Every structure is written in structure tokens, then in C-alpha cells.
K.L.:
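Got a structure for you, questions after.
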Amino acid sequence: MTRHLITSAIPYINGIKHLGNLIGSQLPADLFARYQRARGREVLFLCATDEHGTPAELAAAKAGLPVADYCKQMHATQSKLAEGFRLSFDHYGRSSSAQNHALTQHFAGKLAENGLIEERSERQVYSNADGRFLPDRYIEGTCPNCGYDKARGDQCENCTKQLEPTDLIDPRSAISGSTDLEVRETKHLYLLQSKLKDDLDAWIDSQTGWPVLTTSIAKKWLHDGYGLQDRGITRDLDWGIPVRRGDADWPGMEGKVFYVWFDAPIEYIACGAEWVEAGKGEDWERWWRTDKGADDVRYTQFMGKDNVPFHTLSFPATLIGSGEPWKRVDYLKSFNYLNYDGGQFSTSQGRGIFMDQALEILPADYWRWWLLSHVPESSDSEFTWENFQVSVNKDLADVLGNFVSRVTKFCRSKFGETVPEGGAWGAQEEALIAELTEHLTAYERHMEAIEIRKAAGELRAIWVAGNEYLQASAPWSVFKEDPERAAAQIRLALNLIRLYAVLSAPFIPDASGTLMEAMRTEDANWPSDLSAALKALPAGHAFTVPDVTFRKISDEERETWQDRFAGQRT
RNA sequence: GGGCCUGUAGCUCAAUUGGUUAGAGCAGAGCGCUCAUAACGCUUUGGUUGGGGGUUCAAGUCCCUCCGGGCCUACCA
């Protein structure tokens with residue numbers, strides 16, 4: 001049977017991620033992983049923190065910590081929040097791991113062996129005051145085109161003109177403000193992606209059913225202008241993976257590190273090795289090497305649209321260029337952005353809701369449900385508090401939560417806290433099963449295809465069907481004339497609760513667990529035949545009436561939160 | 001500037017890839033139910049599919065044009 005290798009784009013180490021970041025890769029990846037596990041398939045679900053690059057060095061300096069310490073701390077923080085949102089990674093690794101060092105150096109060595117790496121000399125801006133080379137966007141100055149005085153070295157935000165750092169009038173370091181800048185000669189390694197253009201093009205063409213968002217971005221990079229350009233894969237930084245050619249030194253590259261976008265995707269693979277090292281599994285190569293058993297692996301990647309070029313081109317170039325049989329992605333699911341209340345989520349401006357804050361005010365399931373059922377699949381989508389309140393109150397509290405409540409409380413008052421016996425199913429029950437079967441089939445189809453909004457819609461329809469059934473069968477009336485018939489109805493309804501727990505688990509794992517507990521069952525098997533699945537809890541089986549499964553969000557709360565998250569993060 | 005995506009009911013989104021009368025949920029209106037978290041069910045009002053032009057037996061879907069929103073543009077990650 002197909003095994004599923006699933007990776008989520010690895011979040012950058014700096015700071016706490018906002019809900020836009022969460023829904024852009026990790027959360028949908030988790031949904032898919034949980035679903036595939038629930039279907040009984042073998043899954044390896046990997047994610048990690050992306051720890052290298054200039055921003056990490058600067059953030060560490062600002063925090064007054066060595067970069068390694070800073071990253072370790074932030075990894076622990078992000079790891080804890082991931083657990084808080086119930087992200088079910090088999091391993092949450094780090095791109096700074098020893099495994100990634102070794103593997104990144106290994107790939108560089110192979111690429112060099114295959115003639116795909118070239119040393120090039122270039123001139124870059126060096127800041128004496130900062131003691132570092134400055135990436136273009138870390139240089140500010142006056143735009144020669146429009147006179148805007150905070151133009152960046154790569155582009156002027158004001159007039160959108162593309163710039164070179166040397167175009168700027170009165171350039172200064174965006175880090176320290178120092179104007180003590182000079183242009184220095186420095187040598188870097190380039191990955192000759194242009195030589196792999198045709199291979200990559202053919203590979204992209206051979207993919208069917210990838211989202212337009214994914215293939216159009218890849219095609220643009222392949223065919224725009226002079227085609228796919230070679231890419232610098234080293235940087236003059238202290239923190240990172242030292243440039244080595246496999247196990248050997250790389251003469252002339254002393255003191256340099258690999259570019260973060262070269263080593264970050266390799267961490268997907270290295271993370272497998274970390275997973276083994278951590279004692280959570282064995283034989284990571286059977287997931288990653290087609291010569292070592294990965295032929296039956298289906299590899300699915302999840303990411304935001306900004307990550308697509310690196311996953312469709314640079315990383316595959318690394319894998320192809322190595323000449324080794326590494327597993328390549330089979331399906332790449334990319335997402336648009338989630339906006340916040342009329343604007344963008346912004347980490348730098350503290351605008352929007354961040355993962356830690358979200359968990360402070362409501363349990364993970366509330367967020368998971370809203371985010372997943374509104375995931376920006378076809379275009380950017382928007383979070384508003386009104387929409388969030390309505391969705392949570394209607395879908396979770398009224399449709400699902402209240403269903404559980406009305407069934408369990410009715411049973412307790414008429415039959416006690418055990419599944420009642422007697423009676424038999426009739427036409428209404430057959431109709432319900434037929435309807436549920438239809439929705440379940442669609443639900444499974446959408447989940448397999450990773451059509452998340454549609455899957456959420458089907459799941460909701462499955463919940464609604466329970467309420468429709470109760471309304472139509474009216475056990476509260478039937479009970480007065482024919483208690484046995486009412487018993488059969490409620491027995492079915494109690495079984496629906498278990499079924500809902502099983503089917504809903506990928507979306508709302510905590511609530512699902514709570515319902516399973518209330519039904520006092522551990523039978524979480526995915527249903528293949530609903531008639532059978534709705535008899536899993538037999539007459540006489542004891543259950544408990546759960547507390548409110550989902551509480552409602554009041555207007556006052558909504559207003560309070562709206563104010564609290566409108567401005568700067570405190 | 002270039003490329004790509006996008007605009008559908010008051011709101012959030014669909015529409016089997018050109019094929020009956022453009023559908024759901026929410027909100028609004030009416031009715032029913034009283035087991036339940038004032039919950040649930042049924043019925044129902046909302047659309048010149050951003051504007052204009054074209055191709056076609058047939059256009060939300062394809063083409064042109066205008067208007068609006070977004071993303072990317074290779075040294076942020």
C-alpha cells in the first residue's frame with residue numbers, strides 16, 4: 001500500500017508565527033497527515049525550523065544571545081506552540097542539525113563532482129560598522145527615481161522601481177544606520193541551474209493535477225527572460241552550514257556558509273535522519289531513496305505561494321543534480337495568503353493574531369476548524385472576527401456540539417447513561433445511512449485530493465444530517481407511544497456521535513478525543529460500511545454526558561478581541 | 001514595466017473545465033418542533049456573474065478592452 005511522506009514548509013526561526021503562517025502550510029499538512037493515518041496508511045510527517053540567514057543573526061544580536069542559543073530557544077518555543085495546535089509531526093527538526101550539516105555538504109560535493117557548481121567573484125556592499133556584508137534589502141537610501149528616503153537596495157517601496165544598492169543616494173545600513181559602507185570583492189559558489197533547465201521543465205510538465213498556482217510560478221521562472229538562472233548558494237555569514245565539499249575542505253571558501261535556501265529544503269531529508277536519531281523510527285532512507293524502498297512512497301509538500309520557486313526548481317535541481325536516486329515530490333499543494341481584517345497579517349508590525357495569543361483565548365480546535373474551512377486555496381482569503389464568531393458558533397457549537405448535547409441528555413433522562421436496547425431500524429434509518437454514505441464518499445474524495453474547503457463542507461453536511469434525522473424521527477414524541485422505537489433511534493444517534501468523532505478527528509482532534517471518551521470507546525476505525533459502523537456501540541454500552549463540547553463566542557468577547565488585536569502586539 | 005492569479009447574492013465561497021432555470025452556508029423573512037448550548041428542522045426573499053465589446057447553436061467559463069484587488073519579479077526568508 002502507498003506510504004505517505006508529508007512535509008510542511010519549514011517556518012523561519014525568528015519569532016512566533018501568526019495564523020496566516022500556520023494555515024499556509026503546517027495546518028493543512030497536519031490535516032492530510034491525520035487523515036491518511038486515520039485511513040490506516042503509513043505516514044511520515046516532517047517539519048522543522050529554518051534557522052540560518054541574516055535575520056536570525058540579527059535577532060539573536062538584538063536578544064543579546066549567541067545565535068545558537070537564540071535558535072535553540074526559539075525552536076523550543078515553536079515546538080511547544082506546534083504541540084498546542086496539535087500539529088502531529090513525527091519529528092520537528094532543525095535545519096541547524098548535525099544531520100543537515102552533513103547532508104548539505106554531501107549534496108554540494110555531489111553537485112560539484114557533476115560539474116554543476118561554479119565559483120564566481122562578485123562585488124557586494126560591506127558595512128564596516130556592522131562587520132558584515134549587507135544583503136541588498138538591508139541597505140537603505142534615497143531613491144534616485146522618486147526621492148523617497150527609505151528606499152531599499154533591491155527596490156523602492158514608494159515608486160516600485162527595481163534598484164541596485166549602488167543606485168541609492170546616501171546609502172546606509174538598515175541595521176545600524178551607518179554610512180561607512182564599501183563595495184568589496186567576494187567569491188561565491190553558484191549552482192548551475194541553467195544546465196538543468198530542460199530536465200526541470202520536463203519534470204514539471206510530467207506533473208498532472210498540480211494547482212495552477214504551483215505550475216504557473218515554476219513555468220514563469222523557467223521561461224522568463226533568459227530562462228532559469230544560476231543561483232548563488234553561499235553567503236558570507238558566521239551562522240550556517242560551513243561550505244565543504246562533502247567531507248573535504250573547499251579551498252577558497254573558508255569562513256563562508258551555505259545559503260539558507262540551499263540547506264533548508266535538504267532539511268526535509270535530514271529531518272528523517274533526526275527522526276531516527278531521536279529514537280522515533282528507523283531506516284529513514286526507505287522514505288527518501290528510491291533505491292532503498294521509497295518506490296511506493298507518495299510525497300506531498302505543503303507551502304505558501306512564496307515558497308513555490310524553491311520547491312519546484314532549486315530543490316529539485318539539487319536532487320537531480322546530485323545524480324543520486326532521491327525521492328522527489330509527487331504533489332505540491334500551495335496556498336495563497338490569509339489576510340487579517342482588511343489588511344495583511346504582519347509579523348513586523350504585530351498585526352493580526354499570533355499562535356501563542358490564539359491559544360490563550362480559545363482551544364486549538366476552534367482555530368483549526370475556522371482556518372481549515374476557510375483555507376486560502378483559490379485566492380487570498382480574509383479573517384474577520386465576525387466571520388470567525390459565526391463559524392464557530394454555528395458549525396461547532398450549534399450543529400455539532402448541540403447535537404451531542406441533545407442526544408446524550410435525552411438518553412440520560414429517558415433511558416439512563418447506557419445505550420438503550422430494543423427496537424429496529426426502519427426506512428428513516430436507511431435513508432440516513434444512504435445520505436451519510438454519499439457525503440462520506442465525497443468527504444474522502446476531497447481529502448484524498450486535498451480539496452480542504454470542500455472536505456470541510458462535506459464534514460459539516462455529515463453533522464447536519466444528524467440533526468435532520470432527529471427532527472424527522474422525533475424520538476421525544478415517539479418515546480411516549482413506542483419507547484422501543486425511540487430506543488432504536490437514540491441508539492443510532494449515540495453511534496452517530498462516535499462516527500462524528502472518528503470522521504472529524506483530522507480537523508478537530510481534541511474534541512474528537514473528548515467525544516470518544518464520553519462514548520467510552522477506543523474504536524476509532526475509519527468506517528468502510530456505515531451500517532456496521534453505526535452499530536459499533538451496542539445496547540447496554542455505558543457512556544457519559546460530556547460537558548459543553550464547543551462553547552459560543554459572545555459579542556462582548558468578539559469586540560474585546562477585535563480591539564486587542566487591531567494594533568501593535570504588546 | 002513584465003508575468004501570474006482574482007472580481008459571482010448583504011457576507012464567505014461553489015459551479016463536473018463551453019452545456020438545462022448560476023448553487024451552498026451565514027445573515028434576513030415565514031412556519032414547525034420543544035430532546036438540546038434561545039439550540040434544531042422545513043420553506044422562502046436576495047444575482048444584468050466588476051463595466052463594455054466580440055466568438056459560438058450555447059459564455060460565469062474562451063478572446064479583446066477598460067476598472068478594481070492580490071502575488072511574484074531571482075541578494076528577505
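All values below come from the heavy atoms of this structure, side chains included, with hydrogens, waters and symmetry mates left out. Every value quoted in this text rests on a predicted model; they were computed, and no experiment measured them.
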K.L.:
Using O4'-C1'-N9-C4 for purines and O4'-C1'-N1-C2 for pyrimidines, with syn meaning within 90° of 0, is B:rG46 syn or anti?
P.N.:
syn

K.L.:
Can a donor-acceptor pair under 3.5 Å be found between the side-chain atoms of A:Glu164 and the base atoms of B:rC75?
P.N.:
no

K.L.:
To the nearest angstrom, how far is A:His439 atom NE2 from B:rG25 atom P?
P.N.:
11 Å

K.L.:
Distance check: side-chain N/O of A:Lys552 vs OP1/OP2 of B:rA38, anything under 4.0 Å?
P.N.:
no

K.L.:
Where the side chain of A:Pro55 is concerned, which of B:rU37, B:rC26, B:rA77 is the nearest nucleotide?
P.N.:
B:rA77

K.L.:
Quickly work out the A:Trp476 CH2 to B:rA39 C1' distance and round it to whole Å.
P.N.:
11 Å

K.L.:
Hey, is the side chain of A:Asn402 pairing donor to acceptor with the base of B:rA36 inside 3.5 Å?
P.N.:
yes

K.L.:
Partner lookup for B:rA29, please. Criteria are Watson-Crick or G-U wobble with both distances under 3.5 angstrom; report none if nothing qualifies.
P.N.:
B:rU43

K.L.:
When you check every protein heavy atom under 4.0 Å of nucleotides 3-15 of chain B, what one-letter string (B, S, -) results, 5' to 3'?
P.N.:
SS-------SSSS

K.L.:
How close or far is atom C1' of B:rA27 from atom CH2 of A:Trp385, stated in whole angstroms?
P.N.:
20 Å

K.L.:
When you check the phosphate oxygens OP1 and OP2 of B:rC76, does a side-chain N or O of A:Arg137 lie under 4.0 Å from one of them?
P.N.:
yes

K.L.:
Could you work out which one of B:rA77, B:rC76, B:rC40 sits closest to the side chain of A:Asp306?
P.N.:
B:rA77

K.L.:
Does a side-chain N-to-carboxylate-O contact under 4.0 Å join A:Glu451 and A:Arg445?
P.N.:
no

K.L.:
When you get a sec, tell me which of B:rA36, B:rU73, B:rG41 is the closest nucleotide to the side chain of A:Gln155?
P.N.:
B:rU73

K.L.:
With the six-membered base ring of B:rC35 as reference, does the ring of A:Phe410 sit under 5.5 Å away with planes under 30° apart?
P.N.:
no

K.L.:
Would you call A:Arg120-A:Asp230 a salt bridge at under 4.0 Å N-O?
P.N.:
yes

K.L.:
Counting only distance, no hydrogens or angles, is the base of B:rA77 paired donor-acceptor with the side chain of A:Trp261 under 3.5 Å?
P.N.:
yes

K.L.:
Could you check A:Ser477 against A:Tyr259 and say which one's nearest nucleotide on RNA chain B is further toward the 5' end?
P.N.:
A:Ser477

K.L.:
Does B:rC26 have OP1 or OP2 sitting under 4.0 Å from an N or O in the side chain of A:Arg460?
P.N.:
yes

K.L.:
Is B:rU17 in the syn or the anti form, by the rule that syn lies within 90° of 0?
P.N.:
syn

K.L.:
Check every atom of B:rA27, B:rC75, B:rA74 against the side chain of A:Gln229 and return the nucleotide holding the closest atom.
P.N.:
B:rA74

K.L.:
Would you indicate which nucleotide in B:rC75, B:rC26, B:rC76 comes nearest to any side-chain atom of A:Gln124?
P.N.:
B:rC75

